[in-house]
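A short write-up of the structure that comes next.
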Amino acid sequence: MLDSLKNEILRLRDERDALILAHNYQLGEVQDIADFTGDSLELSFKAANCEKSLIVFCGVTFMAETAAILAPGKTVLLPVLEAGCPMADMADAPRLRKMKSEHPGALVVTYVNSSADVKAESDICVTSANALKIVSSLPSDKEIIFVPDKNLGAYCAKMTGRKMILWPGFCPTHMRITPEHILKRKSEYPGAKVVVHPESPLDVIALADEALSTGGMLKYARNSPAKRIIVATEIGLIYRLEKENPDKQFIPVSEQAICPDMKMTRLEDVLAALKNMKHVVKIPEKIANLAKIPIERMMAESRKA
Ligand code: 13P
Ligand code: SF4
(Lines give C-alpha, C1' and ligand atoms only; values in the text may rest on other atoms or scores of the structure.)
(Ligands and ions follow the chains in the order given, each with its own letter.)
Protein backbone atom coordinates (compact mmCIF):
# COMPACT_ATOMS: atom_id res chain seq x y z
CA MET A 1 0.00 0.00 0.00
CA LEU A 2 2.73 2.40 1.11
CA ASP A 3 4.87 1.36 -1.84
CA SER A 4 2.09 1.94 -4.36
CA LEU A 5 1.45 5.39 -2.84
CA LYS A 6 5.15 6.25 -3.10
CA ASN A 7 5.39 4.90 -6.65
CA GLU A 8 2.35 6.93 -7.73
CA ILE A 9 3.89 10.09 -6.23
CA LEU A 10 7.18 9.50 -8.02
CA ARG A 11 5.41 8.72 -11.32
CA LEU A 12 3.35 11.92 -11.12
CA ARG A 13 6.38 13.90 -10.01
CA ASP A 14 8.15 12.96 -13.23
CA GLU A 15 5.06 13.43 -15.39
CA ARG A 16 4.55 16.92 -13.96
CA ASP A 17 8.26 17.80 -14.12
CA ALA A 18 8.25 18.49 -10.38
CA LEU A 19 10.86 18.83 -7.66
CA ILE A 20 9.73 17.70 -4.21
CA LEU A 21 11.31 19.66 -1.35
CA ALA A 22 10.86 18.78 2.32
CA HIS A 23 11.93 20.50 5.52
CA ASN A 24 13.92 18.54 8.10
CA TYR A 25 10.89 18.49 10.48
CA GLN A 26 8.59 16.74 8.00
CA LEU A 27 7.32 13.21 8.66
CA GLY A 28 9.88 10.52 7.79
CA GLU A 29 7.65 9.10 5.03
CA VAL A 30 7.58 12.54 3.37
CA GLN A 31 11.34 13.02 3.72
CA ASP A 32 11.82 9.63 2.08
CA ILE A 33 10.02 10.59 -1.16
CA ALA A 34 11.49 14.12 -1.34
CA ASP A 35 14.17 14.95 -3.90
CA PHE A 36 15.83 17.06 -1.25
CA THR A 37 15.35 17.51 2.49
CA GLY A 38 16.99 20.41 4.28
CA ASP A 39 16.86 23.48 6.49
CA SER A 40 15.25 26.78 5.51
CA LEU A 41 18.39 28.17 3.87
CA GLU A 42 19.24 25.02 1.93
CA LEU A 43 15.66 24.77 0.69
CA SER A 44 15.73 28.41 -0.46
CA PHE A 45 18.83 27.72 -2.54
CA LYS A 46 17.25 24.58 -4.00
CA ALA A 47 14.13 26.54 -4.99
CA ALA A 48 16.17 29.39 -6.49
CA ASN A 49 18.24 26.96 -8.59
CA CYS A 50 15.36 24.64 -9.52
CA GLU A 51 15.34 23.54 -13.16
CA LYS A 52 11.94 21.84 -13.01
CA SER A 53 8.73 23.71 -13.80
CA LEU A 54 6.95 22.73 -10.56
CA ILE A 55 8.02 22.74 -6.91
CA VAL A 56 6.02 20.74 -4.35
CA PHE A 57 6.98 22.24 -1.01
CA CYS A 58 6.49 19.93 1.97
CA GLY A 59 6.82 22.42 4.80
CA VAL A 60 4.89 25.46 5.97
CA THR A 61 3.51 28.56 4.26
CA PHE A 62 6.46 30.93 4.69
CA MET A 63 8.82 28.38 3.14
CA ALA A 64 6.62 27.83 0.09
CA GLU A 65 6.19 31.60 -0.23
CA THR A 66 9.95 32.10 -0.13
CA ALA A 67 10.34 29.45 -2.84
CA ALA A 68 7.69 31.19 -4.98
CA ILE A 69 9.45 34.54 -4.56
CA LEU A 70 12.82 33.06 -5.52
CA ALA A 71 11.47 31.07 -8.48
CA PRO A 72 8.95 33.42 -10.08
CA GLY A 73 8.71 31.43 -13.32
CA LYS A 74 7.76 28.21 -11.51
CA THR A 75 4.56 26.94 -9.98
CA VAL A 76 4.94 26.26 -6.24
CA LEU A 77 2.48 23.94 -4.49
CA LEU A 78 1.91 23.70 -0.73
CA PRO A 79 0.16 20.33 -0.22
CA VAL A 80 -1.65 21.40 2.99
CA LEU A 81 -2.93 24.94 2.90
CA GLU A 82 -3.38 25.12 6.67
CA ALA A 83 0.29 24.29 7.39
CA GLY A 84 1.43 27.67 8.67
CA CYS A 85 3.92 28.95 11.22
CA PRO A 86 2.50 30.48 14.41
CA MET A 87 5.67 32.53 14.84
CA ALA A 88 5.39 34.00 11.33
CA ASP A 89 1.77 34.90 12.15
CA MET A 90 2.95 36.95 15.16
CA ALA A 91 4.29 39.74 12.93
CA ASP A 92 2.43 41.90 10.42
CA ALA A 93 3.39 44.70 8.07
CA PRO A 94 1.30 47.56 9.59
CA ARG A 95 2.82 47.05 13.07
CA LEU A 96 6.29 46.68 11.58
CA ARG A 97 5.83 49.98 9.72
CA LYS A 98 4.86 51.59 13.05
CA MET A 99 7.97 50.15 14.74
CA LYS A 100 10.14 51.44 11.87
CA SER A 101 8.66 54.92 12.23
CA GLU A 102 9.56 54.85 15.95
CA HIS A 103 13.18 53.93 15.14
CA PRO A 104 14.08 55.91 12.04
CA GLY A 105 17.33 54.74 10.49
CA ALA A 106 17.22 51.30 12.10
CA LEU A 107 17.86 48.31 9.84
CA VAL A 108 15.14 45.67 9.75
CA VAL A 109 16.55 42.14 9.98
CA THR A 110 13.82 39.60 9.37
CA TYR A 111 13.88 35.90 10.10
CA VAL A 112 12.62 33.96 7.05
CA ASN A 113 9.90 32.60 9.32
CA SER A 114 7.73 35.57 8.36
CA SER A 115 5.10 36.52 5.80
CA ALA A 116 5.94 37.98 2.39
CA ASP A 117 4.32 41.25 3.56
CA VAL A 118 6.75 41.50 6.48
CA LYS A 119 9.73 40.61 4.30
CA ALA A 120 8.66 43.37 1.89
CA GLU A 121 9.23 45.86 4.77
CA SER A 122 12.70 44.51 5.57
CA ASP A 123 16.32 45.31 4.75
CA ILE A 124 17.72 41.80 4.96
CA CYS A 125 16.50 38.32 5.85
CA VAL A 126 18.26 35.69 7.92
CA THR A 127 17.80 32.03 8.75
CA SER A 128 19.11 30.29 11.84
CA ALA A 129 22.04 29.08 9.70
CA ASN A 130 23.34 32.56 8.83
CA ALA A 131 21.84 35.01 11.37
CA LEU A 132 25.09 35.59 13.32
CA LYS A 133 27.12 36.10 10.16
CA ILE A 134 24.61 38.51 8.64
CA VAL A 135 24.03 40.55 11.80
CA SER A 136 27.81 40.87 12.23
CA SER A 137 28.13 42.15 8.66
CA LEU A 138 25.76 45.11 9.19
CA PRO A 139 27.16 48.64 9.66
CA SER A 140 27.99 49.02 13.36
CA ASP A 141 26.48 52.51 13.70
CA LYS A 142 22.98 51.25 12.87
CA GLU A 143 20.31 50.11 15.29
CA ILE A 144 18.70 46.79 14.36
CA ILE A 145 15.04 45.83 14.52
CA PHE A 146 14.87 42.03 14.64
CA VAL A 147 11.59 40.41 13.54
CA PRO A 148 9.74 38.21 14.56
CA ASP A 149 11.75 35.79 16.78
CA LYS A 150 12.75 37.41 20.06
CA ASN A 151 14.82 34.35 20.97
CA LEU A 152 16.92 34.24 17.82
CA GLY A 153 17.22 38.03 18.05
CA ALA A 154 18.39 37.89 21.67
CA TYR A 155 20.90 35.19 20.76
CA CYS A 156 22.27 37.33 17.90
CA ALA A 157 22.45 40.37 20.20
CA LYS A 158 24.34 38.39 22.82
CA MET A 159 26.81 36.84 20.39
CA THR A 160 27.49 39.94 18.28
CA GLY A 161 27.14 42.66 20.94
CA ARG A 162 24.76 44.54 18.63
CA LYS A 163 21.92 46.62 20.02
CA MET A 164 18.63 45.05 18.98
CA ILE A 165 15.03 46.07 19.14
CA LEU A 166 13.26 42.73 19.44
CA TRP A 167 9.84 41.95 18.04
CA PRO A 168 8.01 39.89 20.70
CA GLY A 169 7.46 36.76 18.57
CA PHE A 170 8.52 33.20 19.35
CA CYS A 171 8.21 29.61 18.19
CA PRO A 172 5.71 27.83 20.47
CA THR A 173 7.44 24.49 19.82
CA HIS A 174 10.88 25.69 20.94
CA MET A 175 9.40 27.68 23.83
CA ARG A 176 8.22 24.34 25.24
CA ILE A 177 11.85 23.31 25.77
CA THR A 178 13.05 24.39 29.23
CA PRO A 179 16.42 24.37 31.03
CA GLU A 180 14.99 21.61 33.25
CA HIS A 181 14.49 19.37 30.20
CA ILE A 182 18.15 19.79 29.25
CA LEU A 183 19.41 19.28 32.79
CA LYS A 184 17.31 16.13 33.16
CA ARG A 185 18.68 14.64 29.93
CA LYS A 186 22.24 15.63 30.85
CA SER A 187 21.93 13.75 34.13
CA GLU A 188 20.38 10.74 32.37
CA TYR A 189 23.10 10.70 29.67
CA PRO A 190 26.31 11.99 31.28
CA GLY A 191 28.93 12.92 28.69
CA ALA A 192 26.42 13.35 25.86
CA LYS A 193 26.77 16.49 23.73
CA VAL A 194 23.85 18.92 23.59
CA VAL A 195 22.71 20.78 20.47
CA VAL A 196 19.91 23.35 20.59
CA HIS A 197 18.13 25.42 17.98
CA PRO A 198 18.57 29.19 18.44
CA GLU A 199 14.77 29.61 18.41
CA SER A 200 15.13 28.46 22.03
CA PRO A 201 15.33 30.94 24.92
CA LEU A 202 18.80 32.10 26.05
CA ASP A 203 18.68 30.09 29.31
CA VAL A 204 18.24 26.92 27.24
CA ILE A 205 20.97 27.86 24.76
CA ALA A 206 23.33 28.52 27.68
CA LEU A 207 23.22 24.82 28.58
CA ALA A 208 24.16 23.58 25.10
CA ASP A 209 27.44 22.70 23.46
CA GLU A 210 26.24 24.21 20.17
CA ALA A 211 23.33 26.36 18.96
CA LEU A 212 22.65 25.35 15.35
CA SER A 213 20.10 25.35 12.55
CA THR A 214 18.64 21.96 11.71
CA GLY A 215 21.11 21.68 8.82
CA GLY A 216 23.90 22.65 11.23
CA MET A 217 22.82 19.91 13.64
CA LEU A 218 22.97 17.30 10.88
CA LYS A 219 26.47 18.44 9.96
CA TYR A 220 27.55 18.44 13.62
CA ALA A 221 26.22 14.89 14.06
CA ARG A 222 28.14 13.72 10.99
CA ASN A 223 31.44 15.32 11.99
CA SER A 224 31.45 15.05 15.78
CA PRO A 225 33.16 12.08 17.40
CA ALA A 226 30.33 12.11 20.01
CA LYS A 227 28.32 8.90 20.04
CA ARG A 228 25.42 10.35 22.03
CA ILE A 229 23.79 13.69 21.25
CA ILE A 230 20.90 15.33 23.10
CA VAL A 231 18.80 17.16 20.53
CA ALA A 232 16.83 20.25 21.58
CA THR A 233 14.63 21.01 18.60
CA GLU A 234 11.48 19.73 16.92
CA ILE A 235 11.54 15.93 17.13
CA GLY A 236 11.14 15.43 13.36
CA LEU A 237 14.87 16.00 12.99
CA ILE A 238 15.63 12.78 14.89
CA TYR A 239 14.43 10.71 11.90
CA ARG A 240 17.15 12.04 9.60
CA LEU A 241 19.81 12.11 12.32
CA GLU A 242 19.24 8.40 13.00
CA LYS A 243 19.01 7.48 9.34
CA GLU A 244 22.30 9.19 8.50
CA ASN A 245 24.17 8.11 11.65
CA PRO A 246 23.12 4.55 12.52
CA ASP A 247 26.09 4.15 14.87
CA LYS A 248 25.10 7.13 17.05
CA GLN A 249 22.36 7.73 19.59
CA PHE A 250 20.14 10.83 19.43
CA ILE A 251 18.10 11.73 22.48
CA PRO A 252 15.15 14.08 21.95
CA VAL A 253 15.20 16.59 24.77
CA SER A 254 11.43 16.59 25.05
CA GLU A 255 8.73 14.51 23.38
CA GLN A 256 6.58 17.67 23.55
CA ALA A 257 8.78 19.51 21.07
CA ILE A 258 6.43 18.84 18.16
CA CYS A 259 5.36 21.42 15.60
CA PRO A 260 1.78 20.45 14.64
CA ASP A 261 2.01 22.44 11.39
CA MET A 262 5.11 20.54 10.28
CA LYS A 263 3.29 17.26 10.86
CA MET A 264 0.22 18.08 8.75
CA THR A 265 1.64 16.93 5.42
CA ARG A 266 1.22 13.21 4.76
CA LEU A 267 2.03 11.19 1.63
CA GLU A 268 -1.66 11.31 0.66
CA ASP A 269 -1.44 15.12 0.63
CA VAL A 270 1.67 15.10 -1.55
CA LEU A 271 -0.12 12.81 -4.01
CA ALA A 272 -3.27 14.98 -3.99
CA ALA A 273 -1.13 18.08 -4.55
CA LEU A 274 0.45 16.55 -7.65
CA LYS A 275 -2.83 15.14 -8.96
CA ASN A 276 -4.91 18.29 -8.49
CA MET A 277 -2.11 20.88 -8.81
CA LYS A 278 -3.00 22.29 -5.38
CA HIS A 279 -2.44 24.54 -3.53
CA VAL A 280 -0.72 27.04 -5.77
CA VAL A 281 1.18 29.64 -3.73
CA LYS A 282 0.54 33.09 -5.16
CA ILE A 283 2.01 36.34 -3.90
CA PRO A 284 0.95 39.71 -5.33
CA GLU A 285 3.69 40.80 -7.75
CA LYS A 286 4.43 44.07 -5.98
CA ILE A 287 4.93 42.34 -2.62
CA ALA A 288 6.94 39.52 -4.20
CA ASN A 289 9.30 42.01 -5.88
CA LEU A 290 9.84 43.89 -2.62
CA ALA A 291 10.23 40.72 -0.53
CA LYS A 292 12.77 39.29 -2.95
CA ILE A 293 15.28 42.07 -2.19
CA PRO A 294 15.99 41.15 1.49
CA ILE A 295 15.92 37.42 0.67
CA GLU A 296 18.45 37.81 -2.14
CA ARG A 297 20.66 40.02 0.05
CA MET A 298 20.68 37.19 2.56
CA MET A 299 21.58 34.63 -0.07
CA ALA A 300 24.38 36.80 -1.43
CA GLU A 301 25.83 37.18 2.12
CA SER A 302 25.53 33.42 2.66
CA ARG A 303 27.50 32.67 -0.48
CA LYS A 304 30.45 34.72 0.82
CA ALA A 305 33.13 32.58 2.44
P1 13P B 1 15.91 25.67 10.17
O2 13P B 1 15.62 24.33 9.56
O3 13P B 1 16.27 26.66 9.13
O4 13P B 1 16.89 25.56 11.27
O5 13P B 1 14.53 26.23 10.76
C6 13P B 1 13.86 25.68 11.81
C7 13P B 1 12.43 26.03 11.82
O8 13P B 1 11.82 26.25 12.81
C9 13P B 1 11.73 26.07 10.59
O10 13P B 1 10.43 26.37 10.84
FE1 SF4 C 1 7.11 27.86 13.01
FE2 SF4 C 1 8.29 26.79 15.15
FE3 SF4 C 1 6.82 25.26 13.59
FE4 SF4 C 1 9.19 26.19 12.73
S5 SF4 C 1 8.86 24.76 14.41
S6 SF4 C 1 7.25 26.14 11.59
S7 SF4 C 1 9.22 28.19 13.73
S8 SF4 C 1 6.09 27.00 14.82
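As the structure is a computational prediction, the values presented were derived from the model and not from experiment. Counting starts at 1 for both ligands and their atoms, following the listed order. As a basis for the values below, the full set of heavy atoms in this structure was taken, side chains included, without hydrogen atoms, waters or symmetry mates.
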Looking at S213, which atoms of ligand 1 are within less than 4.0 Å of one of its heavy atoms?
4 (O)
Within 4.0 Å of some non-hydrogen atom of M63, the atoms of ligand 1 are 9 (C), 10 (O)
Output yes when the distance from some N or O of ligand 1 to some N or O of N24 is under 3.5 Å, and no in every other case.
no
Flag for Y25-T233: side-chain donor and acceptor within less than 3.5 Å:
yes
NZ/K193: more than 12 non-hydrogen atoms of other groups inside 6.0 Å:
no
What about H197: any of its N or O atoms under 3.5 Å from an N or O on ligand 1?
yes
Return the residue, atom name and 0.1 Å-rounded distance of the protein heavy atom closest to atom 8 (O) of ligand 1.
E199 OE2, 2.9 Å
Any N or O on T214 sitting closer than 3.5 Å to an N or O of ligand 1?
yes
Going by the order shown, which atoms of ligand 1 are within less than 4.0 Å of some heavy atom of S128?
1 (P), 3 (O), 4 (O)
Using a 4.0 Å heavy-atom cut-off, say whether N113 meets ligand 1 through its side chain, its backbone, both or neither.
side chain
Can you find an N or O of T127 that's nearer than 3.5 Å to an N or O of ligand 1?
no
S40 and ligand 1 - part of the residue with a heavy-atom distance under 4.0 Å
both
Below 3.5 Å, N or O to N or O, backbone or side chain included: is there any such pair between H23 and ligand 1?
yes
Could you give me a count of protein N/O/S atoms that are under 2.8 Å from atom 1 (Fe) of ligand 2?
1
